[in-house]
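Comments concern the structure below.
Note that these values count all heavy atoms, side chains included, but never hydrogens, waters or copies made by symmetry.
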Amino acid sequence: MRLLPVTSASAALVLALLPSSSAASAVAEAPEASSFTITDPRIRESSGLAASRIHPGVYWTHNDSDDGPYVYAVDSATGTTVARVTLTGIGRPRDVEAISLGPDGQLYVGDIGDNRDGTWDHVWIYRFPEPKQLGDVTVKAAQFTVRYADGPRNAEALMVHPVTGRVYIASKNETKGGLYEGPEKLSAGGANVFKRVADVPWVTDGAFSPDGSRLTLRGYFSARTYPWKDGRPEGGGDRVDAPWQGQAESVTYAADGSALLFGAEGEGSRVVAVPLAGASAAPSAAPKPGSPPDASSSPESPGGFGKGALVLAGALALLFAAKRLFRRAGPK
């Protein structure tokens, strides 16, 4: 196809019809979520993922057990570890299974696993501020004791709601898993009792969308996303095209909500990014939990063309029509 010649007048028209350069640059500043491989040989059992909000393209993870009080920051552009955080002020971790970033800018680590399926009468949550500078560092973490209102159980998913800051845990059970809600604020002075608020399938991890309107839960064989309203998941959820990963252990949303990232255990494990149709690449404001996402705010149309591309196509069509009119009106 032969392209139309570009004149100063035509260029001005096209630029006038395109979205503002500031809006375009805002989207460009958000790194596109992509798959990556964790290359650090120390990370052999990656069991949780959380996208950093202050370090673009960085994801926090940890080993499952027998590793110590360590949390790792992995750069998705290279797969290399760019920070290892050593936690102090806590006991010896037993079975660390999940990590989530709260609206307070703190990372919550769930030492909530119980492979004996309910033999420990309490588990723990560790909390520490996300480091502003990347590098190996030692930090003092707060430790919270957790008990379940209906007795001990095994769990692998911990999610902090990005708007309310409330902590939720999903128990892992093939037939009778439950979603448990923590108190409005965690207390280090006594046990924090988590109460069952919903039934869930077999869950190995979960994550809230950045705006808090959706909850995604994954298991070994599938994943589902549920609308979140009034502190509860609604309906049976929508199936997500999660990859087959064998020991599928983790899931998180990209910081901009444009994709889900799925991880697994194993040395050199692969983290797979699954783009979300219609997801905003740079949300400007978070709606209240439970409110439906605004499709008009998405930079992508259902057909896969961005608004800018559609406007550009329309502008070129106008230029082509104008050129034909000028030719007809010109001297014969």
Side-chain angles (χ1 to χ4, degrees), residues 33-52 58-74 76 79 81 84-85 93-101 107-117 123-126 153-160 167-174 177-180 200-209 215-225 237 239-254 259-274:
S34 58
S35 303
F36 61 96
T37 299
I38 297 175
T39 61
D40 190 335
R42 295 173 298 180
I43 306 175
R44 301 179 303 277
E45 295 183 334
S46 174
S47 189
L49 282 174
S52 171
V58 168
Y59 292 85
W60 295 97
T61 189
H62 54 82
N63 281 312
D64 189 337
S65 57
D66 299 326
D67 180 42
Y70 306 118
V71 176
Y72 303 84
V74 178
S76 62
T81 297
R84 186 175 85 158
V85 179
R94 287 188 301 206
D95 192 354
V96 179
E97 292 287 355
I99 187 168
S100 184
L101 182 60
L107 286 160
Y108 293 69
V109 179
D111 190 355
I112 56 176
D114 186 349
N115 290 328
R116 296 178 181 178
D117 202 20
V123 291
W124 298 295
I125 295 173
Y126 313 126
R153 60 205 57 252
N154 186 27
E156 294 190 2
L158 177 147
M159 300 76 62
V160 182
V167 182
Y168 295 83
I169 294 174
S171 66
K172 180 185 178 183
N173 190 288
E174 188 174 356
L179 181 67
Y180 289 80
V200 294
W202 197 5
V203 175
T204 60
D205 201 12
F208 283 108
S209 61
L215 171 66
T216 295
L217 299 174
R218 81 162 304 175
Y220 291 126
F221 309 110
S222 64
R224 303 191 77 84
T225 294
R239 187 177 180 86
V240 179
D241 291 331
W244 165 251
Q245 292 180 296
Q247 192 71 12
E249 288 285 334
S250 56
V251 64
T252 190
Y253 279 83
L260 280 164
L261 289 99
F262 295 89
E265 289 189 358
E267 189 171 342
S269 62
R270 185 76 172 161
V271 177
V272 180
V274 177

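Between the side chains of S47 and E249, at least one donor N or O lies within less than 3.5 Å of an accepting N or O. Residues Y253 and T216 bring a donor and an acceptor atom of their side chains to less than 3.5 Å of each other.
Remark: E97 engages no residue in a salt bridge (charged side-chain N to carboxylate O under 4.0 Å, His left out) (not counting sequence neighbours). A search for side-chain contact (heavy atoms from CB on, under 4.5 Å) contacts involving L215 returns M159, L179, F208, L217, W228, not counting sequence neighbours. Considering only residues two or more places apart in sequence or on other chains, T61 meets the side-chain contact (heavy atoms from CB on, under 4.5 Å) condition with I43, S46, L49, Y72, V74. E156 pairs by the side-chain hydrogen bond (donor to acceptor under 3.5 Å, both in side chains) definition with K172, not counting sequence neighbours. In this structure Y70 satisfies the side-chain hydrogen bond (donor to acceptor under 3.5 Å, both in side chains) test with no other residue, sequence neighbours excluded. Partners of Y180 according to the side-chain hydrogen bond (donor to acceptor under 3.5 Å, both in side chains) rule, which considers only residues two or more places apart in sequence or in another chain, are D150, R153, R196. Among residues two or more places apart in sequence or in another chain, the salt bridge (charged side-chain N to carboxylate O under 4.0 Å, His left out) test is passed with D67 by none. Applying the side-chain hydrogen bond (donor to acceptor under 3.5 Å, both in side chains) test to R42 and every residue at least two apart in sequence or in another chain returns D40. Residues meeting the salt bridge (charged side-chain N to carboxylate O under 4.0 Å, His left out) test with R44, sequence neighbours left out: none.
Using modelled atom types, one side-chain atom of N154 and one backbone atom of D114 make a donor-acceptor pair closer than 3.5 Å. Between the side chain of D111 and the backbone N or O of D95, at least one donor-acceptor pair lies under 3.5 Å. With hydrogens and angles disregarded, no donor-acceptor distance shorter than 3.5 Å links the side chain of R218 to the backbone of G206. A donor-acceptor pair is defined here as one N or O able to donate and one able to accept, closer than 3.5 Å; no such pair exists between the side chain of S76 and the backbone of F36.
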Using a 3.5 Å cut-off and no angle test, enumerate the donor-acceptor pairs between side-chain atoms of residues 260-271 and protein atoms at least two apart in sequence or in another chain.
from : atom 1 : to   : atom 2 : distance (Å)
S269 : OG     : A264 : O      : 3.2
R270 : NH1    : T37  : OG1    : 2.9

- Item | Y220 vs T204, side-chain contact (heavy atoms from CB on, under 4.5 Å): CA-CA, chis, key distance, verdict | CA-CA 7 Å; Y220 291 126; T204 60; 3.7 Å; yes
- Message: Set out, in order, the CA-CA distance, both residues' side-chain angles and the distance that settles side-chain contact (heavy atoms from CB on, under 4.5 Å) for L101 and W60, then state yes or no.
- Response: CA-CA 9 Å; L101 182 60; W60 295 97; 5.9 Å; no
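Here the closest non-hydrogen pair linking L107 and A50 is CD2-CB, 4.4 Å. Of all heavy-atom pairs between G219 and A248, the closest is O-CB, 3.8 Å. Residues S34 and A273 share a closest heavy-atom pair of C-CB, 3.6 Å. Taking all atoms of both residues into account, the shortest heavy-atom contact from N63 to E45 is OD1-N, 2.9 Å. Smallest separation of non-hydrogen atoms from A155 and S171: CB-CA, 3.8 Å. Counting all heavy atoms, side chain and backbone alike, V203 lies closest to A170 at CG1-CB, 4.0 Å.
V274 has its side chain within reach of P243: a pair of non-hydrogen atoms, C-beta onward, lies under 4.5 Å apart. Inter-residue side-chain proximity for I169 and I112 is flagged as met; some heavy-atom pair is nearer than 4.5 Å. Between V109 and V71, some side-chain heavy-atom pair lies under the 4.5 Å cut-off. Side chains of L158 and I125 form a contact here, defined as non-hydrogen atoms less than 4.5 Å apart.
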